[in-house]
Amino acid sequence: MLITTGPGEFQNLDASETTIQLSQLIELGGKISQRKRAGSFDVKLSRLDYRARQLDVAADMSQTFIELLLIQRKIELARKLVKVCVQISDSAHKRVRAGKDTPLSVSLAEMALAQAKMREQELTNLNRAYRQQLASYWGGSPLDFTELVGDLDTTVEIPETGTLKKLLKKNPDIIRRTVEIEQHKVQTKLARARAVPDITISAGLKHFQETDDQALIVGMSLPLPLVDRNQGGSAEARHNLNQARLNHKASLINAENKLNQICTELQNAAYRAETLKNQVIKTASEALNSSQTSYQQGKTNYLSLLETEKTWFEYQNEYIEAQGQYHLIKTELERLIGLSLRELNQTIE
């Protein structure tokens with residue numbers, strides 16, 4: 001609403017003019033449709049971010065589950081070691097009383113037993129912490145379960161690298177880069193569209209106080225883009241588009257490099273676990289049984305038995321570590337391709 005007055009005979013409101021006018025901006029060049037398309041990509045990106053976060057949480061939970069399984073296995077091994085140390089300590093006392101060995105063997109046996117009990121207690125404390133961490137994923141309590149059940153001995157066939165690389169493009173992190181490119185394409189078009197001037201149409205009524213007459217007013221305005229044709233916005237949009245394409249290419253290369261590295265580490269971990277199980281531990285077990293029998297018969301001293309026993313348990317622990325390493329790496333691979341290897345192998349078959 002506009003009231004017009006002036007000097008002289010127009011000083012009083014009796015000669016004023018009152019104007020009521022409405023205007024509407026009409027955007028040209030497809031600005032509205034381009035803005036809608038650009039906004040729709042934000043929804044897609046949010047969904048991809050949510051999917052990526054789901055995969056992250058699932059991978060973290062799986063790794064915590066595997067770590068807890070390893071601790072349970074190590075606790076079993078530690079308890080077995082304590083039991084063996086108790087037996088050897090009793091034998092050492094008997095041999096010393098019979099004059100078949102020196103008191104040093106008793107001291108060494110007691111030290112080994114104390115270390116084994118300490119190791120068991122450390123693992124028990126660690127088990128409590130990991131149980132709490134695992135239960136936190138569903139907002140529960142460690143009391144919700146007594147122990148975990150899982151098969152760490154099982155390995156799965158690793159598909160060909162070419163098959164795995166195709167799945168990388170379905171990874172939400174990679175898809176996000178693709179969507180970003182499409183979004184920047186639309187933003188580039190929108191920047192070009194903003195160089196097209198918009199029309200403003202107006203209409204209203206004017207009332208002349210002096211004559212009490214009214215008049216209809218219709219107008220149209222069109223800015224002249226003599227200086228600003230949105231060159232800066234267009235240049236920025238093109239730069240962002242090129243940067244998005246480079247980011248997509250870099251992300252894909254990094255994912256492929258990581259995939260190759262994980263596949264190599266997974267194969268090495270599987271080979272290491274298999275070798276430890278079928279060759280190293282088998283030989284170490286035979287050596288331990290032979291050493292224990294010889295010690296009981298007085299054919300060898302305690303130091304020899306202790307060394308053999310230590311070697312056997314070290315290999316057992318190394319085997320458990322190798323199993324855990326395999327499954328932890330497998331979890332990384334499944335997070336990268338967004339699919340479990342077991343499900344993938346079933347689809348290939």
Side-chain angles (χ1 to χ4, degrees), residues 62-96 101-136 142-143 145-154 269 272-296 300-329 331:
S62 297
Q63 290 179 343
T64 304
F65 183 89
I66 294 169
E67 293 283 3
L68 188 52
L69 272 180
L70 291 176
I71 293 172
Q72 287 184 178
R73 291 282 297 272
K74 289 180 180 180
I75 289 177
E76 294 175 3
L77 182 62
R79 289 172 179 169
K80 186 182 295 185
L81 177 59
V82 170
K83 185 177 180 180
V84 171
C85 288
V86 169
Q87 294 174 349
I88 293 178
S89 178
D90 293 341
S91 298
H93 280 88
K94 292 178 181 179
R95 286 172 59 83
V96 170
D101 212 335
T102 64
L104 177 61
S105 63
V106 175
S107 299
L108 293 175
E110 293 293 341
M111 289 172 56
L113 177 58
Q115 289 178 341
K117 289 182 177 179
M118 181 176 64
R119 174 62 174 166
E120 180 187 1
Q121 185 59 47
E122 290 174 349
L123 289 170
T124 301
N125 295 338
L126 194 60
N127 178 68
R128 190 179 302 112
Y130 269 90
R131 283 168 60 87
Q132 181 65 56
Q133 182 177 344
L134 183 62
S136 68
L143 300 178
F145 59 96
T146 54
E147 65 176 0
L148 301 183
V149 178
D151 187 8
L152 294 177
D153 296 312
T154 302
R272 183 165 172 259
E274 183 180 359
T275 303
L276 284 168
K277 178 182 179 180
N278 298 330
Q279 299 180 28
V280 178
I281 291 180
K282 181 179 180 181
T283 303
S285 298
E286 293 173 354
L288 179 60
N289 292 333
S290 177
S291 181
Q292 287 175 340
T293 301
S294 298
Y295 181 73
Q296 295 291 341
T300 186
N301 57 32
Y302 177 75
L303 290 177
S304 177
L305 173 61
L306 182 62
E307 186 64 28
T308 307
E309 171 194 315
K310 179 181 177 182
T311 301
W312 185 85
F313 278 99
E314 284 179 351
Y315 283 136
Q316 285 284 355
N317 189 74
E318 190 175 346
Y319 173 56
I320 295 175
E321 290 285 355
Q323 288 180 305
Q325 189 69 15
Y326 171 84
H327 286 281
L328 289 174
I329 295 173
T331 301

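Along the sequence shown, the residues carry numbers beginning at 1.
- No side-chain heavy atom of Asn278 sits under 4.5 Å from any side-chain heavy atom of Lys282.
- The structure places CD of Glu76 at 14.0 Å from CG of Leu81, a figure rounded to the nearest 0.5 Å.
- Checking each of Asn127, Leu134, Leu126 against Tyr130 for a side-chain contact (heavy atoms from CB on, under 4.5 Å) leaves exactly one that passes, namely Leu126.
- Two residues are said to be in side-chain contact when any heavy atoms from C-beta on lie closer than 4.5 Å; Arg73 and Tyr319 meet this criterion.
- Take Ser294 and apply the side-chain contact (heavy atoms from CB on, under 4.5 Å) test, not counting sequence neighbours, and it matches Ser290, Lys299, Thr300.
- With a 4.5 Å cut-off on side-chain heavy atoms, Val84 and Phe313 count as touching.
- Residues Arg119 and Ala78 approach most closely at CG-CB, 4.5 Å, considering heavy atoms.
- Considering only heavy atoms from C-beta on, Tyr326 stays 4.5 Å or farther from Gln323 through its side chain.
- If you take NZ on Lys117 and CZ on Arg79, they are separated by 13.5 Å, rounding to the nearest 0.5 Å.
- Glu318 CD to Arg272 CZ: the interatomic distance, rounded to the nearest 0.5 Å, is 4.5 Å.
- Thr331 and Ser62 get closest at one heavy-atom pair: CG2-CB, 3.9 Å.
- Under a 3.5 Å cut-off, the side chain of His327 and the backbone N or O of Ile66 do not form any donor-acceptor pair.
- Although no hydrogens or angles enter the test, the distance criterion places a donor-acceptor pair under 3.5 Å between the side chain of Asn289 and the main chain of Ser285.
- Atoms CG and CD, from Leu152 and Gln72 in turn, are 9.5 Å apart once rounded to the nearest 0.5 Å.
- Nearest heavy atom pair, residue Tyr315 against residue Ile281, reads O-CD1, 3.7 Å.
- Under a 3.5 Å cut-off, the side chain of Ser291 and the backbone N or O of Leu288 do not form any donor-acceptor pair.
- Among Glu122, Glu321, Glu120, the one residue that satisfies the side-chain hydrogen bond (donor to acceptor under 3.5 Å, both in side chains) test with Lys74 is Glu321.
- In this structure, OG on Ser89 lies 5.0 Å from NE2 on His93, to the nearest 0.5 angstrom.
- The minimum heavy-atom distance linking Ala322 with Leu276 is given by the pair CB-CD1, 4.1 Å.
- Counting heavy atoms from C-beta on, the side chains of Gln279 and Glu274 never come closer than 4.5 Å.
- Put simply, CG on Leu69 and CD1 on Ile320 are 11.0 Å apart, with the number rounded to the nearest 0.5 Å.
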